[in-house]
Number of protein chains: 2
Amino acid sequence: MRKRRSLAMNLDAVAQRAGVSTSTVSRVLNNLEIVKSSTRSRVLKAAEELNYHPNLHARSLARGKSRILGIIVSNMENPFFFDIYRTLEADAHAQGLEVVVANTDYRSEQLLASVQLMIGLRVAGLAVIVSEMEQHLIQTVSGSRIPAAFYDVGTPQKNITNIRVDYRKGIKKTVSYLNALGHKRMAFVGHHSTLGPISERRKTFLESVHRCSPGAEPRIFAGPDGLDGGRQAARELLESGFRPTAILCVNDFMAVGVMRELREEGLQIPRDVSVTGFDNIKLAEFCSPSLTTVHIPREQIGHIIFDHVLGNSREEREVGREIVIDPELVVRDSTGVAAKN
Amino acid sequence: MRKRRSLAMNLDAVAQRAGVSTSTVSRVLNNLEIVKSSTRSRVLKAAEELNYHPNLHARSLARGKSRILGIIVSNMENPFFFDIYRTLEADAHAQGLEVVVANTDYRSEQLLASVQLMIGLRVAGLAVIVSEMEQHLIQTVSGSRIPAAFYDVGTPQKNITNIRVDYRKGIKKTVSYLNALGHKRMAFVGHHSTLGPISERRKTFLESVHRCSPGAEPRIFAGPDGLDGGRQAARELLESGFRPTAILCVNDFMAVGVMRELREEGLQIPRDVSVTGFDNIKLAEFCSPSLTTVHIPREQIGHIIFDHVLGNSREEREVGREIVIDPELVVRDSTGVAAKN
DNA sequence: AATTTTTCTGCAAACGCTTGCAGCGCAGAC
DNA sequence: GTCTGCGCTGCAAGCGTTTGCAGAAAAATT
């Protein structure tokens, strides 16, 4: 006898109390129907009385796998991530899976830790919805043999599906729309980030503007992600003396921050300057003025991810696929014809 | 020999490759300093080459506990919950703990499932920040012997700390402030919920109004939680023909929804009607007009919870304590003197 | 060189569960 | 009365770790 835990709240305790073996208890708790119903109720009663909760670690260990869907996101506060998460969670619960979430806060060391956690937990499937993916981590996940889906990481890998939104199209639509309204002097507000998706939006913005109105000199500003960051970027823009007639923002939160600062400066939206966002979060509809933005179908993305990780699209998943989603422009009140001056 | 897993990615594999025993590998991986450094590097190399990730289930099982902080919240989308979660997460990571979050979506069956999950995971500590707590669940948690803290569940229990905000004070401050501005006809916008904290705010609102301006006939409206719900409640208010000079909302999101609808109706804020919120989320500062609201120090709450669950306040926690936090009124642009009519 | 000490490593039990297999008791068939 | 079959239950191995203890190897002391 080595150690002896005082309160051994395990199958044995329940078994003893019910006068059966641990295997029987296990079978009852797992609803295997080979148990006589009288035994069954005795066991259930005992478990109840002891306030017994099966040890999921032991269970996963014995089964060799867990019934857990792992989700990693950059920033739960951002509705873009949150909505995908919410959908995934609903799908998982519908299949009786539990969900474990990890937030990376855009930090790559935290992403690494989260990936390790998920692999360590031997999750049944893994969805990684982050902006800060790195190639070697993809290899790590791929090597773990856990079915996984990534959001926007470039090329799909063996065992891994990649979903992405065609941001270029979204930006192009926005720029042509603004161009049609007569806007030439435009600015882009991004966030401090060299991450793929972000710099792609920035690049596409420049290209589009150059193509639509060759003479224009588009400018780029940036701040940290979020409401504050947008405000800060707008501050810099104003102080630079540059007076665009339209400002494209990398996401809706930043756009709301931008609008706030512009208003503070006495500028009217969209009379003096038009503003657009990206993502089409709920707030875009509720802020004032309501925000013209690019809609990204987050629920659809969530469902697709779930299907490819744990759903019925198994065969396709095995191969590793890429799925591209087209975004739509949603016009609201924050954009109008360009100011003449 | 029973089963034989083809790819046994376990300690043994690493041990074999490094030519040592599993115990040695374990010691290396856990940084126990009794291992000779040459052996140590051999082991690390082997682990690296095999892309080995320790099975956390097995580890927790062997250790009898996990290094995981469990967090249960009602609605991650609501910054009130999110900010507490964020703080808890930061504190946990600072101590090398991993975090597992569960979202109940205000549904009590989901809360039950989440509690089961956390107990099943044998988390090192549990923070439950939900509005929909039920008494028997508190007992369940208490019986599990997991150190826990609850937010606003009434009486503290053995092994469990209870934190709460003095909502009554927050409401009273708001009502007296509005009263001082000359407001008599007031409405309260809550959400459909018989949950403790919510109905407490409602009740306190009625009491305060009756005390401040005895003749007034305060009215109550409600919708689902969130931006949409606020809008919907405001719709009902407008259709009812009641024309308050001030509207208190149960939280900031609903307040923003309310303002949106009022604006749509052509009402100006605060000229025609004042609006207040509760929580002081970031958005309150960024919406237009910026929102007068009651600040709840969510970070502070997060830190306190962490301390009481896993921090150094162990002794106090053992006893089970209650901690009450005072909220502050933050005046911004959505409130002004009452319209004369 | 013999002994003691120290440093390092391996053995094997334990953690709480699942599950293949064997076995028990009992009903019905012969 | 023996046999067969079936429904139910128990035995025990195994899942991948940790860790107390003992033993081997190396270093220090005599």
Side-chain angles (χ1 to χ4, degrees), chain A residues 1-43 46-47 50 52-68 116 119-122 144, chain B residues 1-43 46-47 50-68 116 119-122 124 144:
Chain A
M1 183 201 307
R2 279 307 177 68
K3 278 181 292 187
R4 202 68 295 216
R5 188 168 260 81
S6 49
L7 283 187
M9 262 312 303
N10 51 20
L11 273 191
D12 276 320
V14 180
Q16 276 196 337
R17 182 170 248 266
V20 296
S21 74
T22 62
S23 358
T24 301
V25 178
S26 170
R27 285 191 268 253
V28 168
L29 266 36
N30 287 289
N31 274 316
L32 304 195
E33 290 301 344
I34 34 175
V35 185
K36 192 171 17 169
S37 80
S38 64
T39 320
R40 176 186 193 70
S41 48
R42 254 200 355 271
V43 169
L50 288 178
Y52 168 77
H53 296 267
N55 184 320
L56 298 182
H57 297 298
R59 177 173 286 181
S60 299
L61 184 56
R63 291 212 184 124
K65 64 183 181 201
S66 62
R67 299 271 303 156
I68 298 179
Q116 313 250 40
I119 296 181
L121 248 25
R122 302 294 191 266
S144 76
Chain B
M1 182 199 308
R2 279 305 175 71
K3 279 181 294 188
R4 201 68 294 216
R5 189 168 258 78
S6 50
L7 284 188
M9 261 312 302
N10 51 18
L11 273 190
D12 277 320
V14 180
Q16 275 197 340
R17 184 170 247 265
V20 295
S21 75
T22 62
S23 0
T24 300
V25 178
S26 170
R27 284 191 267 254
V28 168
L29 265 35
N30 287 290
N31 273 316
L32 305 195
E33 290 300 345
I34 35 176
V35 186
K36 194 175 8 175
S37 79
S38 64
T39 320
R40 175 185 193 70
S41 49
R42 252 198 358 270
V43 169
L50 288 178
N51 190 24
Y52 168 77
H53 296 267
N55 184 320
L56 297 182
H57 297 299
R59 178 174 285 181
S60 298
L61 182 57
R63 291 221 253 249
K65 64 182 181 202
S66 63
R67 300 271 303 156
I68 299 181
Q116 312 250 39
I119 297 181
L121 248 25
R122 303 293 190 268
S144 76

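Here is the naming used below: chain letters follow the sequence lines, and residue numbers restart at 1 for every chain. Everything quoted here is computed from the prediction, not taken from an experiment.
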task = Among C:dT18, D:dC8, D:dT18, find the nucleotide with the atom closest to the side chain of A:Thr39.
result = D:dC8

task = Please list, chain by chain and in numerical order, all residues satisfying side chain to side chain contact (heavy atoms under 4.5 Å, CB included) with B:Leu61, sequence neighbours excluded.
result = A:Asn55, A:Ala58, A:Leu61

message = Using a 3.5 Å distance criterion without hydrogens, assess whether the side chain of A:Ser41 forms a donor-acceptor pair with backbone atoms of A:Ser38.
response = yes

ask   = The side chain of B:Leu11 lies closest to which of these nucleotides: C:dC17, D:dT17, C:dC15?
value = D:dT17

message = Rounded to whole Å, please give me the gap between CZ in A:Arg59 and P in C:dT19.
response = 10 Å

message = My understanding is that only residues two or more places apart in sequence, or in another chain, count here; which of them pass side-chain hydrogen bond (donor to acceptor under 3.5 Å, both in side chains) with B:Arg59?
response = none

request  = Report yes if a side-chain nitrogen or oxygen of B:Asn10 is closer than 4.0 Å to either non-bridging phosphate oxygen (OP1 or OP2) of D:dT17; otherwise report no.
outcome  = no

key: Non-hydrogen side-chain atoms of B:Leu29 and B:Leu11 separated by less than 4.5 Å   = yes

message = In this structure, how many angstroms lie between the C1' atom of C:dC15 and the CE atom of A:Met9, rounded?
response = 15 Å

request  = Taking the side chain as every heavy atom from C-beta outward, state whether B:Ser66 and B:Leu121 have any atom pair closer than 4.5 Å.
outcome  = no

request  = With a 4.0 Å heavy-atom cut-off, tell me which residues in residues 17-28 of chain A come close to DNA chain C, sorted by residue number.
outcome  = A:Ser23, A:Ser26, A:Arg27

task = Nearest whole angstrom, please: distance from the P of C:dA14 to the CG of A:Leu61.
result = 17 Å

remark   = Residues at least two apart in sequence or cross-chain that pass side chain to side chain contact (heavy atoms under 4.5 Å, CB included) with B:Arg17, listed by chain then number, are B:Ala46, B:Glu49, B:Leu50

ask   = Rounded to the nearest Å, what distance is computed from the NZ atom of residue B:Lys65 to the C1' atom of nucleotide C:dG16?
value = 17 Å

query = C:dG16 P sits how many Å from A:Leu29 CG, rounded?
reply = 15 Å

key: Terminal axes of the helix from C:dA1-D:dT30 to C:dC30-D:dG1 (five pairs each): angle between them, nearest 10 degrees   = 50°

ask   = Any donor and acceptor pair, going by atom type alone, linking the side chain of B:Ser26 with main-chain N or O of B:Thr22 inside 3.5 Å?
value = no

Closest-nucleotide ordering on DNA chain C, the 5'-leading residue of A:Asn30 and B:Ser38 = B:Ser38

request  = Starting at atom CD of A:Gln16, determine the distance to atom C1' of C:dC17, rounded to an integer number of angstrom.
outcome  = 16 Å

message = What is the separation between atom NE2 on B:His53 and atom P on D:dT17, rounded to the nearest whole Å?
response = 12 Å

request  = Check side chain to side chain contact (heavy atoms under 4.5 Å, CB included) between B:Arg27 and all other residues, then give those that pass, not counting sequence neighbours.
outcome  = B:Ser23, B:Leu32, B:Ile34, B:Val35

key: Rounded distance in Å - NZ (A:Lys36) to C1' (C:dG25)   = 10 Å

ask   = Under 3.5 Å, side chain of A:Asn10 to main-chain N/O of A:Ala13, donor-acceptor pair present?
value = yes

